[in-house]
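Contents: one structure, followed by commentary.
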Amino acid sequence: TVGAVARDVRGNLAAGTSTGGTTGKRWGRIGDSPVIGAGTYADNRACAVSATGTGEYFLRAGVAQGICAMMRLAGMDAQAAADQLIVEVGEMGGDGGVIVVSATGETAFSFNTSGMYRGRADSIGLNEIAIFTD
Amino acid sequence: QADWSIAIHGGAGTLSREAMTPEREAEYTAALQAALDAGAEVLRAGGEAQDAIVAVITKLEDDPLFNAGRGAVLTWEGGVSLDASFMRGDTREAGAAAGLSHVRHPILLARAIMEDGRHVFLSGEGAEEFAADHGLEQVETEWFITPRRRDSLEQFRAAQDDPQVSFNEDEEHRYG
């Protein structure tokens with residue numbers, strides 16, 4: 001799975017996710033696709049999110065929309081909201097991660113796997129690529 | 001506060017340092033940096049967030065290192081089943097597509113569905129018909145398939161014949 005989230009100079013957010021699913025999947029399974037609300041979500045009032053991982057758990061936890069709701073309604077920051085939803089996914093038995101950009105341009109990664117291929121950049125000069133947890 | 005910002009991912013999983021050679025790590029790092037640069041360039045030039053998303057994801061979909069577009073994992077039958085979704089935060093318009101095997105860039109189809117505005121989520125043959133009607137590039141399924149993913153499917157199928165592994169797989173795949 002690959003994904004991106006962005007905030008442009010006008011303050012608009014967007015999110016996108018694209019995936020090949022899982023090896024050997026059958027029966028027209030679509031639970032591992034990035035369903036809107038679970039794997040992908042964007043709301044200028046809060047954040048934009050793209051997820052990767054065992055999709056069915058992200059559906060059941062309502063991960064992407066849940067992160068935005070926690071930020072908008074409970075005032076959580078992007079990292080705290082993302083961490084909480086990834087913990088919930090893990091408690092159900094799922095794994096994976098999310099990338100988040102907030103309405104104010106803050107970016108966050110959260111994942112419960114040993115690594116996630118990831119990167120981020122901004123207008124201030126941040127430019128980083130990482131793979132493993134540390 | 002930053003004027004613009006972007007974050008990208010190329011998937012998460014059981015990545016172990018032991019299995020990652022310096023050469024392979026350099027390949028992934030370079031691919032991620034190229035995709036990040038493509039998105040950042042759009043934003044730096046004053047472009048829209050949604051155009052930055054497209055710039056990043058179309059690049060990653062064409063890169064066989066990642067499980068999306070070319071280089072996607074294979075289904076049980078040996079084909080591909082690609083999915084994508086897209087959403088903009090100002091209007092909360094959204095589009096998604098599932099079960100694709102001919103659309104070169106599924107993310108462009110997800111965006112086209114969003115912009116068309118009649119539906120949010122299309123699947124299978126109907127989604128591909130929609131893609132063709134909107135002039136999106138179509139390719140033969142073989143274009144997506146790489147030797148690495150074919151090997152993975154063969155190993156996966158072989159594991160189904162191993163009683164111990166089959167048991168574990170069954171336990172592992174209780175998602176519902």
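In what follows, every chain begins at residue 1, and chains take the letters A, B, ... in the order their sequences are listed.
For B:Val56, the part lying near chain A is the side chain, with the backbone staying farther off; criterion is any non-hydrogen pair under 4.5 Å. For A:Ala46, no part sits under 4.5 Å from any heavy atom of chain B, backbone or side chain. Looking at B:Arg149, there are no atoms closer than 4.5 Å to chain A (heavy atoms on both sides), in backbone or side chain. Proximity to chain B is limited to the side chain of A:Thr107, based on heavy atoms less than 4.5 angstrom apart. Heavy atoms closer than 4.5 Å to chain B are found nowhere in A:Ser102, neither backbone nor side chain. Contacts between A:Val9 and chain B at a heavy-atom distance below 4.5 Å involve backbone atoms as well as side-chain atoms. Only the side chain of A:Arg10 comes within less than 4.5 Å of a heavy atom in chain B; its backbone stays farther off. Neither the backbone nor the side chain of B:Asp63 comes within contact range of chain A, judged by heavy atoms closer than 4.5 Å. Only the side chain of A:Ile30 comes within contact range of chain B, with at least one heavy atom under 4.5 Å from a heavy atom of that chain. Contact annotation for B:Ala98: only side-chain heavy atoms (C-beta onward) come within less than 4.5 Å of a heavy atom of chain A. Contact annotation for A:Asp95: neither backbone nor side-chain heavy atoms come within less than 4.5 Å of a heavy atom of chain B. Neither the backbone nor the side chain of B:Val54 comes within contact range of chain A, judged by heavy atoms closer than 4.5 Å. Heavy atoms of A:Ala121 lying under 4.5 Å from chain B belong to its backbone as well as its side chain. Both the backbone and the side chain of A:Thr104 come within less than 4.5 Å of a heavy atom in chain B. In this structure, no portion of B:Gln155 lies under 4.5 Å from any heavy atom of chain A. Heavy atoms of B:Arg88 lying under 4.5 Å from chain A belong to its backbone as well as its side chain.
Note on A:Asp77 versus A:Arg72: no salt bridge recorded, every NZ/NE/NH1/NH2 to OD/OE distance being 4.0 Å or above. A salt bridge between B:Arg111 and B:Asp51 is present, with a side-chain N of the basic residue lying under 4.0 Å from a carboxylate O of the acidic one. Salt-bridge check for B:Arg150 with B:Glu142: passed, with a basic side-chain N closer than 4.0 Å to an acidic carboxylate O.
Most heavy-atom pairs under 4.5 Å with chain B: of the set A:Glu56, A:Met116, A:Arg7, A:Arg120, this distinction falls to A:Arg7. For the options B:Thr29, B:Val80, B:Val42, heavy-atom pairs under 4.5 Å to chain A are most numerous at B:Thr29. When each of A:Gly105, A:Ser33, A:Ala15 is checked for heavy-atom pairs under 4.5 Å with chain B, A:Ala15 comes out on top. Each of A:Gly119, A:Gly97, A:Gly115 has some count of heavy-atom pairs under 4.5 Å with chain B, and the biggest count is that of A:Gly119. Here A:Ser50 is the residue among A:Ser50, A:Gly53, A:Gly96 with the most heavy-atom pairs under 4.5 Å with chain B. For the options A:Thr133, A:Val100, A:Asn44, heavy-atom pairs under 4.5 Å to chain B are most numerous at A:Asn44. Between chain B and the options A:Glu128, A:Arg118, A:Arg26, the largest number of non-hydrogen pairs under 4.5 Å is found for A:Arg26.
Remark: B:Arg70 is positioned above the aromatic ring of B:Trp143, its terminal NZ or CZ atom under 6.0 angstrom from the ring centre and at most 45 degrees off the axis.
Counting heavy-atom neighbours within 6.0 Å of B:Gln138 CD, excluding the residue itself, gives a total above 12.
A donor-acceptor distance shorter than 3.5 angstrom exists from the side chain of A:Asn112 to the backbone of A:Gly94, with no hydrogens or angles considered. At distances below 3.5 Å, at least one donor-acceptor pair connects side-chain atoms of A:Asp32 with backbone N or O atoms of A:Thr22. Remark: the backbone N or O of B:Ser5 is not paired with any side-chain donor or acceptor of A:Asp122 at under 3.5 angstrom. Not one N or O on the side chain of B:Ser85 forms a donor-acceptor pair closer than 3.5 Å with the backbone of B:Ala96.
Classification of the B:Trp76-B:Phe156 ring pair by plane angle, with boundaries at 30° and 60°, yields perpendicular.
Under the 4.5 Å side-chain heavy-atom criterion for grouping Ile, Leu, Val, Met, Phe, Trp and Tyr, A:Leu126 is not connected to B:Leu36 through any hydrophobic cluster.
Annotation: side chain of B:Leu136 is not in contact with side chain of B:His105 (no heavy-atom distance under 4.5 Å).
We find the CE-CD distance between B:Met87 and B:Gln50 to be 12.0 Å, quoted to the nearest 0.5 Å.
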